[in-house]
Amino acid sequence: MNDSRPDVLIVFASPEFDYRRLLLTLEAACRPRVLVGCSSAGEFSGCASGNSSASAMAIRTDDILFRAGIGTGLRQDISGALEQVMPVFTGSEHPDFPYRSALVLTDALAGYVDEIIHEMMLRTGGTYQLFGGGAADDAKFNQTHVFIGTEAHTDAIVVLEMLSKKPIGLGVRHGWRPSSPPLRVTEAEGVRLVSLNAMPAVEAFEAYAQATGQTFNRADALPFFLHNVIGIETGDGHKLRVPLTLNDDGSISCAAEVPVGATAHIMVSDAASTFEAAREAAQAALKGLDGGEHAGSLLFDCAATRLRLGREFDDELKAVGETLGSENFAGCNTYGQIARSAGQFNGFHNCTAVVCAIPL
C-alpha cells in the first residue's frame, strides 16, 4: 500500500470548507508525501466545475522530485517571507533532474505579487519556470488561505518545487485586445489607479464608455469593469489588470498593482476569444513537453473570467479538455495568475489562462 501514496496532493477549496478538517481528512485518506493548495473562487476537475466545492490532483512519479516550503508575514516583511521560502529551491543539488519548475500559491490580498515573482526569478538565476495564482475566497475579497500539510495560512506564500527529468510544459494566453487609444498611467498607488492621462481614472473610464456606446454606472461599476479591463503594454503583449471597485475620490482599485508611467489600454474580449485563448494556452503547454506524452495538467484562470462568463465558463473547460485530449486536469479560479518563463508573458496576470502540462 505504501507504493500507492501520492508524491504530492494539490488541493483547491472554496472558503465554505473548514480547511483544517478538510486537510486532515485528505491527509488521512491519501497519505501524500507532500500536500499543498489554496482557497479558491471556483474549482474544477476536468470539465466538472462548481462553487462551494473542492478539487484535487494527486501525482505519483519517479521522474519528478517535489519539495514544498512556506513564507509567512507577507504584508509586514516581504523580504523575510522570501527568506523563509527560498530554501525550497534545490535544483542545483539535483543535476539528474534538469528541468526546474515551481508552483507558486500566494495570498494575493497581501499584495506585491509582481515583486515577489521578480525577486524569485532573480534569486534563482532565472532557471525556474513559475506558475500558479493568488488564493481566492469566492469573490468576497476578505481573507484567503494557502495550504501546506494539514495547515491553512493567511498572509503567506507556498511554493512547490518540481524538478523533472522531462520537460514540463507551460502555456499562457488571455484573448483580450486593445479597444481604447493608449493611456498613460499618470498616478497610481499600489493597486489603486488614481489617474490616466492626468485625469481621474473614473473620468477616463466614463469617456471611454461614452465613446463606445456603453453605460457606466458609478453606483455599480463592477459589471462594466468585468467587460472592460486594463491592459498594460509589456513590449510583447499586454498584462491585464481587473478594475474591481470605484472609490469616492474617483480612483479605481484593481486586482493587482498598476505601475506609474506605464502605457495602458482599456481591453475587450468575448466568449469566443476567451475559449480560443484557453485552447492556445493548452496547445503551448503540450508543445512545451517537447514531444513527451501528457499525463495531466493544472489549470488556473481568473475569478473575474468566471464571473464574466457565468455558465459559459464550462465551455472554456471543454476547450481545454479537447485540446489536451484528456480531462485529466484540475485547477481553480484565482485572484490573479502567475506565469513566468522564457519566451512567454511574465509575472502576475489577471483574466489569463495558465496551463501547466505534466509529462508521463
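Just so it is clear, the structure is predicted and the values come from calculations on it, not from any experiment. Index from 1, following the sequence. Both backbone and side-chain heavy atoms feed into the values below; hydrogens, waters and symmetry mates do not.
- Using modelled atom types, no side-chain atom of Q129 and backbone atom of Y99 make a donor-acceptor pair closer than 3.5 Å.
- When atom types are taken as modelled, the side chain of S273 and the backbone of S269 share no donor-acceptor pair closer than 3.5 angstrom.
- Scanning for ring pair (Phe, Tyr, Trp, His ring centres under 6.0 Å) contacts around H265 gives H238, with sequence neighbours left out.
- Put simply, the side chain of M120 reaches to within 4.5 Å of the side chain of I157, judged on heavy atoms.
- Qualifying side-chain contact (heavy atoms from CB on, under 4.5 Å) partners for F224, counting only residues two or more places apart in sequence or in other chains: F205, Y208, A209, Q214, F216, N228.
- Of the possible donor and acceptor atoms, one in the side chain of N350 sits under 3.5 Å from a partner among the backbone N and O of V242.
- No side-chain heavy atom of T245 sits less than 4.5 Å from a side-chain heavy atom of I252.
- Checked by atom type and distance alone, the side chain of Q337 pairs as donor or acceptor with a backbone atom of T352 at under 3.5 Å.
- Every residue was checked against the side-chain contact (heavy atoms from CB on, under 4.5 Å) condition with P98, not counting sequence neighbours, and none meets it.
- Among residues two or more places apart in sequence or in another chain, the side-chain contact (heavy atoms from CB on, under 4.5 Å) test is passed with P223 by D220.
- A distance-only check finds a donor-acceptor pair linking the side chain of D155 to the backbone of L74 [under 3.5 Å].
- Inter-residue side-chain proximity for I10 and L298 is flagged as met; some heavy-atom pair is nearer than 4.5 Å.
- With hydrogens and angles disregarded, a donor-acceptor distance shorter than 3.5 Å links the side chain of N328 to the backbone of A295.
- Considering only heavy atoms from C-beta on, F12 comes within 4.5 Å of F300 through its side chain.
- Within the structure, salt bridge (charged side-chain N to carboxylate O under 4.0 Å, His left out) contacts touching residues 267-280 (residues at least two apart or in different chains) are R173-E280, E276-R279.
- Taking the side-chain contact (heavy atoms from CB on, under 4.5 Å) definition, one finds that T144 meets it with S39, D107, L109, A135, D137, Y335, sequence neighbours left out.
- Each salt bridge (charged side-chain N to carboxylate O under 4.0 Å, His left out) pair with one or both residues in residues 20-29, not counting sequence neighbours, appears once here: R20-E151.
- The shortest distance between side-chain heavy atoms of V34 and L9 does not fall below 4.5 Å.
- Judged by distance alone, the side chains of D7 and T61 never bring a donor and an acceptor atom under 3.5 Å apart.
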#### Entry: Step-by-step side chain to side chain donor-acceptor pair (under 3.5 Å) determination, N247 to S253
CA-CA 7 Å; N247 304 313; S253 294; 3.1 Å; yes
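- Within the hydrophobic cluster formed by Ile, Leu, Val, Met, Phe, Trp and Tyr side chains joined at under 4.5 Å, directly or through other members, F275 is accompanied by F44, L286, L289, L299, L309, F313, L317, V320, L324, F329, V355.
- No donor-acceptor distance shorter than 3.5 angstrom exists from the side chain of D138 to the backbone of K140, with no hydrogens or angles considered.
- Side-chain contact of R100 with T124: a donor-acceptor pair under 3.5 Å is absent, judged by distance alone.
- H174 places none of its side-chain heavy atoms less than 4.5 Å from the side chain of H349.
- A side-chain donor-acceptor contact under 3.5 Å links K166 to the backbone of L360.
- A donor-acceptor pair is defined here as one N or O able to donate and one able to accept, closer than 3.5 Å; no such pair exists between the side chain of E312 and the backbone of A271.
- Residues T150 and L35 fail the side-chain proximity criterion, which asks for heavy atoms closer than 4.5 Å.
- The CD atom of E16 sits 4.0 Å away from atom OG of S52, with the distance rounded to the nearest 0.5 Å.
- Sorted by first and then second residue, the salt bridge (charged side-chain N to carboxylate O under 4.0 Å, His left out) pairs involving residues 348-360 (not counting sequence neighbours) form an empty list.
- In this structure F131 satisfies the ring pair (Phe, Tyr, Trp, His ring centres under 6.0 Å) test with no other residue, sequence neighbours excluded.
- In summary, D62 and K165 do not engage in a salt bridge, as defined by a charged side-chain N under 4.0 Å from a carboxylate O.
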### Task
Might you work through the side chain to side chain donor-acceptor pair (under 3.5 Å) test for S14 and S53, ending with a clear yes or no?
CA-CA 6 Å; S14 159; S53 62; over 6 Å; no
Please list, one pair per line, the donor and acceptor atoms closer than 3.5 Å that link side chains of residues 187-199 to other protein atoms, with sequence neighbours excluded.
from	atom 1	to	atom 2	distance (Å)
E189	OE1	R192	NH2	2.6
R192	NH1	D249	OD2	2.8
R192	NH1	S251	OG	3.1
S195	OG	T186	OG1	2.5
S195	OG	E187	N	3.2
N197	OD1	R184	N	2.8

What donor-acceptor contacts under 3.5 angstrom involve side-chain atoms of residues 83-90, with partners at least two apart or in another chain?
from	atom 1	to	atom 2	distance (Å)
E83	OE2	R123	NH1	3.0
Q84	OE1	T72	N	3.1
Q84	OE1	T72	OG1	3.1
Q84	NE2	T72	O	3.2
Q84	NE2	G80	O	3.4
T90	OG1	E161	OE1	2.8
T90	OG1	E161	OE2	3.4

### Task
Starting from the C-alpha separation in whole Å, work towards a yes-or-no answer on salt bridge (Lys or Arg N to Asp or Glu O under 4.0 Å) for E206 and R218.
CA-CA 9 Å; E206 286 176 327; R218 286 197 179 200; 2.7 Å; yes
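- A side-chain donor-acceptor contact under 3.5 Å links Y19 to the backbone of A13.
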